[in-house]
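Everything below concerns the one structure shown next.
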Amino acid sequence: MEHRDFLLELGFEELPALEIESIEKQFKNNLINILTEHGFKFSGYKTFSTPRRIAMLIYNLSSKGEDKLLEKIGPPANIAFDDNGPTLSAISFAKSIGVNIDELYIVEKEGKKYVAGKQRISGKHIKQVLSENLETIIKNIKVKKTMFWLKDQKVRFIRPMRWIVCLYEDEVVDIEIFNLKSDRYTYGHRILSNKKLEIKSPIEYEKILERNYVIADWERRYRKIIQDISDNLKVSVLPDENLYKEINGLVEYPFVVLCEFNSKYLELPEKIVITSMKSHQRYIPVFENGVIVNKFVAIINNKPNESIKSNLSKVLESRLEDAKFYFENDLKKPIISYLEDLREIEFVEGGGSLYDKVFRVEEMVYKFSRHYNLDMEKLKKAIRLYKNDRATSIIRESKEFAELEGYMVLEYLRKNSEDTYVINIIRDWLLEGEPLTIEGLILAIADRIDSIYTILKTGYTIRGNYDPLGLKKITYELFYAIIKGNLEFDISQIVDDKRFLEFIKQRLENYLIEKLNYEYDIVNSVLAINIWNINEIVKRVEFLNRYKKESYDEFYNIALTQKRLYNITKDYTYNNPVDVSLLQNDKERELYNVAKEIARKVDSLISSGEYEKLFTLFLLFKEHIDNFFNNVYVMVEDTQIRNNRLSLIKFTKSLFDKFADFSKIQL
Amino acid sequence: MYFEDIILSLKNYWKSKNCLIFEPYNSELGAATFNIATFLRVLDKKPWRTAYIEPTRRPKDGRYAENPNRVQQYYQFQVILKPPEDNVIDIYIDSLKAIGIDIQKHDLRFVEDDWESPTLGAWGIGWEVWIDGLEITQFTYFQQSGSIDLKIPAVEITYGLERLAMFIQGVDSIFDIKWNKDYTWGEIYKDFEREFCYFNFDYADVEFYKKLFDSYEKEVFRMLDLGLIFPAYDFVIKLSHVFNILDARGSISPSQRTIYISRIRKCSREVAKAYIKKYDE
């Protein structure tokens, strides 16, 4: 069979920059899956993506899929063959599947015998496979939003498709989709080489495009940007991978330029200056000795010149001018006076105003003040300030600075010369960097608990990845804050609501498994215990995880022992205390005494976090348990004695249960 | 190129592309999309190609004529291609050449931006067109108008004329744009701008406008009951403008805002439905 290079390029109107990488990946996977499914062979491949194209070059692709043998079941054996050999029925079956009569064999199905044969299904040609599957390949590319652009409204994709190149070596593979016919013509850079380009064979695709100002390889374009900044401009820039990726998705041939802007705008807070550059203009901020300077790097899609550079600066300056207008306007009154305006801003639909939220949070922190030594006066002050930037014009009026919510309040408070400790409390609420104040962590926790509880109360649910209010993120931030601060408290005493607590446990399970990468059975063994101290749950999971790794034999033995205790008592529903007078055997009495002694110690070992000691104790305990089982027969005739022994086992098991339910562990 | 020549050149260019040269609507519009030549015409099953200029009122965007980039009334140039050609982007790029922009010497980019007008229930998929980092055009494949799916694909191209003129003439302020050889934009509009800013931000009679809002809203439904689609739509336009003034006056709280917007959207949806029923079925 022949093996030749294959090229498939789909041309588009400019794709959304942030989705190109994912489209390229899905396109590759879908195409490879289809080809593999149809038995194609190839020696390798390369993928390409730019704002205007997604392409794949496959090396040495077989022209057809491999033939397959498919088992076909024919008539019952006793009808197909009689004493004289094959009957007419066997002959016509063999013919229908294209095999010789002596290639038939007998199979058994549901106790009956049938004749069967292997039909050869010949592999399909690449053209047929693509014609039949290209639409599925494209439809199965998941994108955020699709559109229609043809009269046929069923044709939908992320942006209009405008051309298809499909070549098997030097031949065009004729396929059709979305009103387009495949050909051998691609297009160069929109500005620098706006023309139709003939591709004679797949292998020259990348070179022809490069000669026409298109670097089709995503990674190469990305590396060129990074290299040009460091080697040609020799400046240090904000490291922000997402920004670079987005920029890479906006150019087919990147050119880097270094521009300057009026230094008076450096008087604005750094975050504002950076946001103006990044979030709208996609410029890269420049730093000298760690300090932002009045320069930026722009990645453009055309050869740079002085007029482009001065235009790029002008656009940024007019944005900064706008920011300055908002910033100065907001500072006309002290930030504390914006509190009243929060009455008019909804927290979430059905969840009251932000003003309501602020005072709910204030009430909640009192519950924490019993356990922690808090400067309540400063914390209360911070609470009455931390949401106030939501009412300022820079957050409310301008879409582009909305992402600075939370940071702006800090900037305004600095301008108001607010107490540094109060500012630090609010800073810590944002959960960035090492926390400086305990009050900030408590605010971070109370604010998020309130958000979760309030959002759940509106009837909100997360469906798969659909979570427009970001409830999952809020919950993860809550866990992060608790763990970061090593804060021990019972969350059920803060909010005693069944739905809330169930949600918390379910999210905690995901957090421990997905975010912190703990094994699911260890996580579930701890979550099965009725404790609501999140920090402690995490510590126990951490410990078990470590213990399993470092002392697997001990871990295994303890888990096995508890499983044994569980299995023998799982149908025993009574909860009677052990009756000492009914204990007959020495080993029985010995187990009881040891259990009583352990019961005295277990709680204090858990609460003081001495898990290592506890497990040494458990191991000792295990010896006694084994002794007991080796010498005492539990299921005796006498119900009184039997039940008493079961009660003893249950009591024994309950001591392990105080730490984790090991019956959930997979051994 | 003078401001008036940019307008004339765009008109001529799109006329040569077989567009009907339409004129502005005679009421205060927040965007050229509000013009019946867009909002209603994109809804029906008949092909439609038009180009027109539209003075656009955005009361909140005013800065008392003190900010070189922001004014409360500016001009949009609007093109509707229904259905669009396959090479619609090339046709658009050629229009930039027609107004004297040498695209070889500039950085032209199509940056994802899905346009939406919540009051009109209109949205589409497309781009902001950037020239040297400056947004000069909104390019949109319309998907819905009046909350109703379009039957025929339509492209809306909206040029910001002042932005373009500043770029082409190389001036740093809207007010310095040369309208023709004798007048600047500022000479025509500076006093107008300042006075309207006082009106929008400081003196518009809130109670009066709130009453107007309620009355106009009633009129929309009264006209619809009488089967008078265009008069009903006229009141939707007025509603939107009254809302913009109240918003600029700072008399609409964020939570009321959503309610006001959904009231207007309901009106535009009803008008769109009635239009299709009466003229397109």
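We name chains A, B, ... by the order of the sequence lines, and we start the count at 1 in each one.
The closest donor-acceptor contact from the side chain of A/Glu14 to the backbone of B/Glu112 lies at 3.5 Å or more, if one exists at all. Listed for the A/Asn302 side chain is a donor-acceptor partner under 3.5 Å among the backbone atoms of B/Gln104. A donor-acceptor pair under 3.5 Å links the side-chain atoms of A/Arg162 to the main chain of B/Asp86, judged by distance alone. Proximity of a side-chain donor or acceptor of A/Gln153 to a complementary backbone N or O of B/Leu150 within less than 3.5 Å is detected.
Across all their heavy atoms, B/Phe110 and A/Leu250 have their closest contact at O-CD2, 4.3 Å. Considering every non-hydrogen atom in both B/Asp107 and A/Asn301, the closest pair reads OD1-N, 2.9 Å.
Side-chain atoms of A/Lys314 and B/Met166, non-hydrogen and from C-beta on, never get closer than 4.5 Å to each other. Counting only heavy atoms from C-beta outward, the side chains of A/Asn305 and B/His106 never approach each other to under 4.5 Å. A/Val251 is listed as a side-chain neighbour of B/Arg109, based on a closest heavy-atom distance under 4.5 Å. Put simply, the side chain of B/Trp127 reaches to within 4.5 Å of the side chain of A/Arg159, judged on heavy atoms.
How far CG of B/Leu108 is from CD1 of A/Ile300: 12.0 Å, rounded to the nearest 0.5 Å.
At a 4.5 Å heavy-atom cutoff, the contact between B/Asp172 and chain A is made by side-chain atoms alone. Heavy-atom distances place no part of A/Asn179 under 4.5 Å from chain B, backbone and side chain included. A/Pro51 does not touch chain B: none of its heavy atoms, backbone or side chain, sits under 4.5 Å away. Heavy atoms of A/Phe255 lying under 4.5 Å from chain B are absent altogether. The part of B/Lys60 that comes within reach of chain A is its side chain, from C-beta onward, which places non-hydrogen atoms under 4.5 angstrom from that chain. With a 4.5 angstrom heavy-atom cutoff, A/Ile299 touches chain B only via backbone atoms. When heavy atoms are compared at a cutoff of 4.5 Å, B/Phe142 approaches chain A solely by way of its backbone atoms N, CA, C and O. Heavy atoms of B/Asn69 lying under 4.5 Å from chain A belong exclusively to its side chain.
Between A/Arg190 and B/Asp90 a salt bridge is recorded (basic side-chain N to carboxylate O distance below 4.0 Å).
Interface residues of residues 316-324 of chain A toward chain B, defined by a heavy-atom distance below 4.5 Å and sorted by number: A/Ser318, A/Glu321, A/Asp322. Listed by sequence position, A/His280, A/Gln281, A/Arg282, A/Tyr283 are the residues of residues 272-284 of chain A in contact with chain B, using a 4.5 angstrom heavy-atom cutoff.
Chain A forms more heavy-atom pairs under 4.5 Å with one residue of B/Ile152, B/Asp114, B/Val88 than with any other, namely B/Asp114.
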